[in-house]
> 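What follows is a structure written as structure tokens; I'll ask about it next.
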Amino acid sequence: MKKNVSPDKGNKEEERSLNFIEQIIIEDIRTGKNGGRIHTRFPPEPNGYLHIGHAKSICLNYGLAIKYNGLYNLRFDDTNPLTEEVEYVDSIMEDVRWLGYDWEDRLYYASDYFEQLYEWAEKLVMKGKAFVCDLSAEEMSTHRGTPTRPGTESPYRNRSVEENLDLFRRMRAGEFANGEKVLRAKIDMSSPNMHMRDPVLYRIIHASHHRTGDKWCIYPTYDYAHGQSDSIEGITHSICTLEFEVHRPLYDWLIRELEIFPSRQIEFARLNLSYTIMSKRKLLQLVKEGHVNGWDDPRMPTICGLRRRGYTPGSIRYFADRIGVAKRDNVIDVALLEHSVREDLNKKATRVMAVLSPLKIVITNYPEGQSEEIDAVINPEMPELGKRSVPFSRELLIERDDFMEDPPKKFFRLAPGREVRLKYAYIIKCEKAVKNDLGEITELHCTYDPLTRSGLPDANRKVKSTIHWVSQPHSQEVEVRLFDRLFRKENPDDAEEGQDFKSNLNPESLKVTKGYITSGIDGAGALDKFQFERLGYFCVDPDSVPGRMVFNRTVTLRDAWARIGQKNAAR
RNA sequence: UGUCCUGUGGUGUAAUUGGCAACACGUCUGACUCUGGAUCAGAAGAGUCCAGGUUCGACCCCUGGCAGGACAACCA
């Protein structure tokens with residue numbers, strides 16, 4: 001039945017159970033609703049950067065349209081000139097495109113519809129379904145009541161149609177100051193649903209808009225703009241997150257009163273990820289207060305952060321596919337996100353050997369001054385990619401963790417008197433650990449067995465493990481940034497009394513260190529991806545300059561030895 | 001002391017006219033391996049929030065509880 005889908009085949013048709021939204025779509029197609037047409041949209045407000053939660057929504061909306069032969073739009077919900085900026089519009093488009101979605105010519109802005117929206121508002125006024133209200137924001141709040149107590153009607157609620165029309169037109173003409181008047185729907189102040197208690201449709205904001213400039217000084221609210229924009233675009237399934245569930249009666253009311261195309265709103269549960277936060281406000285706070293280095297800091301759950309971290313579009317689409325869609329609150333284990341990149345990168349990333357925490361070894365029986373080139377595979381998952389060449393010499397660097405003077409039982413790597421294989425090269429034996437005055441190990445003296453070079457007929461002697469290495473004289477130094485989870489608590493908002501999520505920041509989420517590499521990275525450009533063998537996946541950071549490469553660790557490899565260590569430490 | 005939504009292994013998602021719970025991640029074994037990776041084989045882990053009811057039979061339908069979430073911006 002259901003088998004593994006690899007990240008780059010995420011869109012492939014497969015036998016899978018349908019989520020509740022697909023069930024609705026299939027039923028709509030079956031009954032011929034909207035002529036069987038499927039049209040979705042992703043409607044971001046351009047007031048911040050997109051994050052992995054938005055990716056879920058994008059993949060859902062667009063994925064559904066693709067799967068059911070429909071269309072999808074990108075629409076900016078730009079009804080509040082106070083918070084929205086072109087900078088965000090640009091970054092959002094870049095991120096959506098990077099994720100792999102092409103909206104073709106269907107790029108829209110709610111602000112494109114301001115004139116139509118205004119006409120419809122006059123229609124509501126003329127139908128006696130909307131009125132101009134002079135109550136201040138505070139007064140209106142008192143009149144609104146509470147979720148458990150009904151509200152009271154505005155004293156302006158029964159103005160005549162003529163007066164309302166006149167006032168509304170004068171609002172548009174700019175005769176009133178900010179906040180002086182609003183246009184409200186006339187519904188039911190005693191409704192148990194707060195959103196039906198004569199909600200605001202238009203407010204006065206004398207501010208210039210990133211697209212319409214100073215043409216307008218009244219702007220529609222979300223509730224008035226969103227559903228009508230859906231309707232104008234012929235959106236059949238308007239998919240949004242759960243918090244809009246209570247808005248749905250209003251969404252439907254407006255469409256019904258305006259007698260326009262009835263889009264259907266469907267709500268799903270937003271994504272929550274363990275060890276991170278998704279709130280735009282909190283993310284902004286991390287950036288503003290300098291807890292991270294900008295929106296694209298590789299520790300951020302933003303799309304641009306993940307991109308810089310080394311995540312691929314395919315891995316994110318695969319992730320979105322794996323987490324599913326439902327209406328119950330959820331917290332996805334970051335391990336699934338990490339699994340998603342590993343799954344993708346394992347098949348794509350070029351292998352390279354790099355040493356991050358070096359321990360020098362000298363091969364005492366290897367001729368001084370000599371060196372040789374050794375064949376290594378570019379990617380064992382794709383042998384057709386061929387070989388790369390790695391320099392070998394008398395003086396090498398290995399990972400400090402790959403040697404233990406007094407090894408515990410399950411340690412398979414190098415130790416005094418023990419043999420290991422240097423990957424792609426020879427089997428070596430540790431003869432002696434050289435120490436300084438402090439008793440610290442400064443280097444290892446080893447011997448190699450010339451007959452064990454990879455590929456040689458007698459090379460296949462069994463050893464307990466294979467380690468990576470680098471030829472010291474050939475090595476170049478690079479900067480390596482090791483990232484860990486940004487928060488140390490699964491739920492960062494679970495903070496002590498009087499503290500907030502920031503108290504759970506992980507002080508060790510970024511470690512900058514050096515790495516040594518000999519070959520394989522020449523000509524690598526920003527965001528190129530590699531596997532540093534046995535260590536993890538790394539990508540070239542855009543901060544790299546010629547002669548000073550910077551690598552970001554995307555994710556470590558799964559590490560059975562590390563898990564043994566953690567288990568022992570837990571004891 | 002309101003309305004609406006939700007409640008299935010550690011996590012997430014399934015179970016399509018009601019037929020004794022499946023898949024993925026994670027965890028644990030073992031095989032294989034020149035990455036303690038990958039791959040392959042296997043295991044443990046829920047009796048479906050609780051209590052009644054309908055039914056030959058309920059995760060699914062009904063009733064009543066309980067728990068969690070959303071809603072009181074002229075934000076979206």
Side-chain angles (χ1 to χ4, degrees), chain A residues 1-5 16-19 23 26-27 43-45 47 77-80 82-84 133 135-137 140-141 144-151 178-179 181-184 191-195 197 199-205 219 221-223 225-226 240 242-249 267 269 274 280 322-333 335-340 342-343 346-347 351 353 376-377 380-381 410-413 420-425 427 452 454 459-460 462-468 531-536 556-564:
Chain A
M1 249 185 72
K2 90 171 81 156
K3 265 288 152 209
N4 290 340
V5 213
R16 288 196 66 180
S17 44
L18 306 173
N19 63 52
Q23 292 181 19
I26 282 190
E27 181 64 8
E45 184 191 13
N47 70 344
D77 223 329
D78 55 351
T79 57
N80 185 353
L82 266 19
T83 57
E84 295 152 6
C133 182
L135 253 26
S136 69
M140 208 183 293
S141 167
R144 191 161 22 237
T146 70
T148 55
R149 247 199 316 268
N178 288 350
K181 287 180 165 41
V182 293
L183 182 75
R184 293 226 257 168
S191 169
N193 182 336
M194 299 291 287
H195 298 278
R197 321 240 266 223
V200 172
L201 267 23
Y202 269 93
R203 65 307 202 189
I204 299 170
I205 303 175
Y219 291 92
T221 55
Y222 165 84
D223 283 310
H226 198 99
C240 62
L242 246 32
E243 65 266 31
F244 295 105
E245 202 153 30
V246 280
H247 293 242
R248 186 164 12 107
E267 312 85 12
S274 61
K280 266 191 198 177
R322 274 286 163 275
I323 58 178
V325 182
K327 295 188 76 160
R328 68 186 93 116
D329 293 327
N330 61 80
V331 181
I332 308 287
D333 192 339
L336 182 58
L337 218 211
E338 295 174 344
H339 167 260
S340 304
R342 288 194 188 104
E343 178 82 8
N346 176 47
K347 296 191 187 84
R351 310 287 128 124
M353 289 199 287
V377 67
E381 305 293 320
K410 285 191 170 168
F411 186 81
F412 302 149
R413 282 109 93 151
V420 311
R421 158 143 250 137
L422 293 179
K423 185 150 172 112
Y424 307 119
I427 290 175
T452 58
S454 295
N460 291 328
K462 285 276 177 275
V463 285
K464 290 278 265 196
S465 82
T466 300
I467 65 173
H468 63 280
Q531 183 195 103
F532 288 180
E533 296 204 57
R534 300 208 307 133
L535 295 177
T556 60
L557 255 30
R558 292 181 85 235
D559 187 345
W561 170 243
R563 267 178 281 152
I564 292 171

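Reminder, nothing fancy here: chain letters follow the sequence lines and each chain counts from 1. Hydrogens, waters and symmetry mates play no part in the numbers below; they use all other heavy atoms, side chains included.
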> Tell whether R413(A) reaches the base of G36(B) with its side chain through a donor-acceptor pair below 3.5 angstrom.
yes
> Does the side chain of R534(A) get closer than 4.0 angstrom to OP1 or OP2 of G36(B) through an N or O atom?
yes
> If you look at every strand shown and take non-hydrogen atoms under 4.0 Å, does R342(A) touch a base, only sugar-phosphate, or nothing?
nothing
> Establish, with yes or no, whether the OP1 or OP2 oxygen of U35(B) is under 4.0 angstrom from a side-chain nitrogen or oxygen of H468(A).
no
> Please check this pair: side chain of N19(A) against backbone of G324(A), looking for a donor-acceptor N/O pair closer than 3.5 Å.
no
> Mind checking whether H195(A) and P249(A) have side chains closer than 4.5 Å, heavy atoms only?
no
> Under a 3.5 Å distance rule, please check whether R421(A) uses its side chain to pair with a backbone N or O of N460(A) as donor and acceptor.
no
> With a 3.5 Å distance limit and no angle check, can you tell me whether R197(A) reaches the backbone of R144(A) through a side-chain donor-acceptor pair?
yes
> With heavy atoms under 4.0 Å as the rule, sort R184(A) into base, sugar-phosphate or nothing.
nothing
> Find out whether R534(A) and T466(A) are in side-chain contact, i.e. whether some heavy atom of one side chain is under 4.5 Å from a heavy atom of the other.
no
> Are D77(A) and H226(A) close enough, and set up right, to give a side chain to side chain contact (heavy atoms under 4.5 Å, CB included), and what steps lead you there?
CA-CA 7 Å; D77(A) 223 329; H226(A) 198 99; 2.6 Å; yes
> Taking only the P atom of each, what is the distance from A14(B) to A24(B) in whole angstrom?
16 Å
> Nearest whole Å is fine: how far is U1(B) C1' from R149(A) CZ?
11 Å
> Does R351(A) get its side chain close enough to the base of U35(B), under 3.5 Å, for a donor-acceptor pair?
yes
> Using O4'-C1'-N9-C4 for purines and O4'-C1'-N1-C2 for pyrimidines, with syn meaning within 90° of 0, is G7(B) syn or anti?
anti
> When we call it a touch if two heavy atoms are under 4.0 Å apart, what does F411(A) touch: a base, just sugar-phosphate, or nothing?
base
> Roughly how many Å apart are C40(B) and C32(B), using the C1' atom of each and rounding to a whole number?
8 Å
> In chain order, what residues pass the side chain to side chain contact (heavy atoms under 4.5 Å, CB included) check against R558(A), with sequence neighbours excluded?
R342(A), R563(A)
> Nearest whole Å is fine: how far is G12(B) P from L336(A) CG?
11 Å
> Tell me, for nucleotides 66-76 of chain B in 5' to 3' order, what letter each nucleotide earns: B for a base near a protein heavy atom under 4.0 Å, S for only sugar-phosphate near one, - for neither?
---SSSBSBSB
> Is R328(A) near enough to G7(B) that one of its side-chain N or O atoms lies under 4.0 angstrom from OP1 or OP2?
yes
> On a whole-Å scale, what distance lies between the P atoms belonging to G53(B) and A15(B)?
28 Å
> Tell me the interatomic distance from R322(A), atom CZ, to A22(B), atom C1', rounded to whole angstroms.
14 Å
> Nearest whole Å is fine: how far is U33(B) C1' from E533(A) CD?
13 Å
> For the pair S141(A) (side chain) and A137(A) (backbone), establish whether a donor and an acceptor sit closer than 3.5 Å, ignoring hydrogens and angles.
no
> How far, in whole Å, is G30(B) from A44(B) if one measures between their C1' atoms?
14 Å
> Does A21(B) fall in syn (glycosidic angle within 90° of 0) or anti?
anti
> Taking any heavy-atom pair under 4.0 Å as a contact, classify I323(A): base, sugar-phosphate, or nothing.
sugar-phosphate
> Taking the nucleotide of RNA chain B with the nearest heavy atom to each, does R563(A) or N346(A) sit closer to the 5' end?
R563(A)
> Give me the distance, rounded to whole Å, that separates U29(B) from G36(B) when you measure between the C1' atoms they each carry.
15 Å
> If you measure from the C1' atom in C50(B) to the same atom in C56(B), how many Å do you get, rounded?
25 Å
> Classify K327(A) by what it touches in the nucleic acid, base, sugar-phosphate, or nothing, heavy-atom distance under 4.0 Å.
sugar-phosphate
> Reading RNA chain B 5' to 3', how would its secondary structure be written in dot-bracket notation, given Watson-Crick and G-U pairs with both distances under 3.5 Å, brackets [ ] for crossing pairs and | for partners on other strands?
.((((((..((((.....[..)))).(((((.......))))).....(((((..]....))))))))))).....
> Separation of R421(A) atom CZ from U35(B) atom P, in whole Å?
10 Å
> Please determine whether a side-chain nitrogen or oxygen atom of R558(A) lies at a distance below 4.0 Å from atom OP1 or OP2 of A38(B).
yes
> Would you say the side chain of I467(A) lies within less than 4.5 Å of the side chain of L422(A), judging by non-hydrogen atoms?
yes
> Give V331(A) one of three labels, base, sugar-phosphate or nothing, depending on what nucleic acid heavy atoms sit under 4.0 Å from its own.
sugar-phosphate
> Using the P atom on both, measure C49(B) against U13(B) and round to a whole Å.
14 Å
> Which whole number of Å gives the distance between the P atom of U35(B) and that of A22(B)?
36 Å
> Mind checking if Q23(A) touches a base, just sugar-phosphate, or nothing, with heavy atoms under 4.0 Å?
sugar-phosphate
> Does the pair E45(A) and Y222(A) meet the rule for a side chain to side chain contact (heavy atoms under 4.5 Å, CB included), with working shown?
CA-CA 10 Å; E45(A) 184 191 13; Y222(A) 165 84; over 6 Å; no
> If I take atom NZ in residue K464(A) and atom C1' in nucleotide C32(B), what distance separates them, rounded to the nearest angstrom?
15 Å
> Any sub-3.5 Å donor-acceptor pair from E84(A)'s side-chain atoms to N80(A)'s backbone N or O?
yes
> When the distance from CD1 of I332(A) to P of G10(B) is rounded to whole Å, what number comes out?
16 Å
> Any idea how F411(A) and W561(A) line up, ring-wise: parallel (<30°), tilted (30 to 60°), or perpendicular (>60°)?
perpendicular
> Is there, by distance only and without an angle test, a donor paired with an acceptor across the side chain of E338(A) and the base of G26(B) below 3.5 Å?
no
> To the nearest Å, give me how far apart CG (D559(A)) and P (A38(B)) are.
10 Å
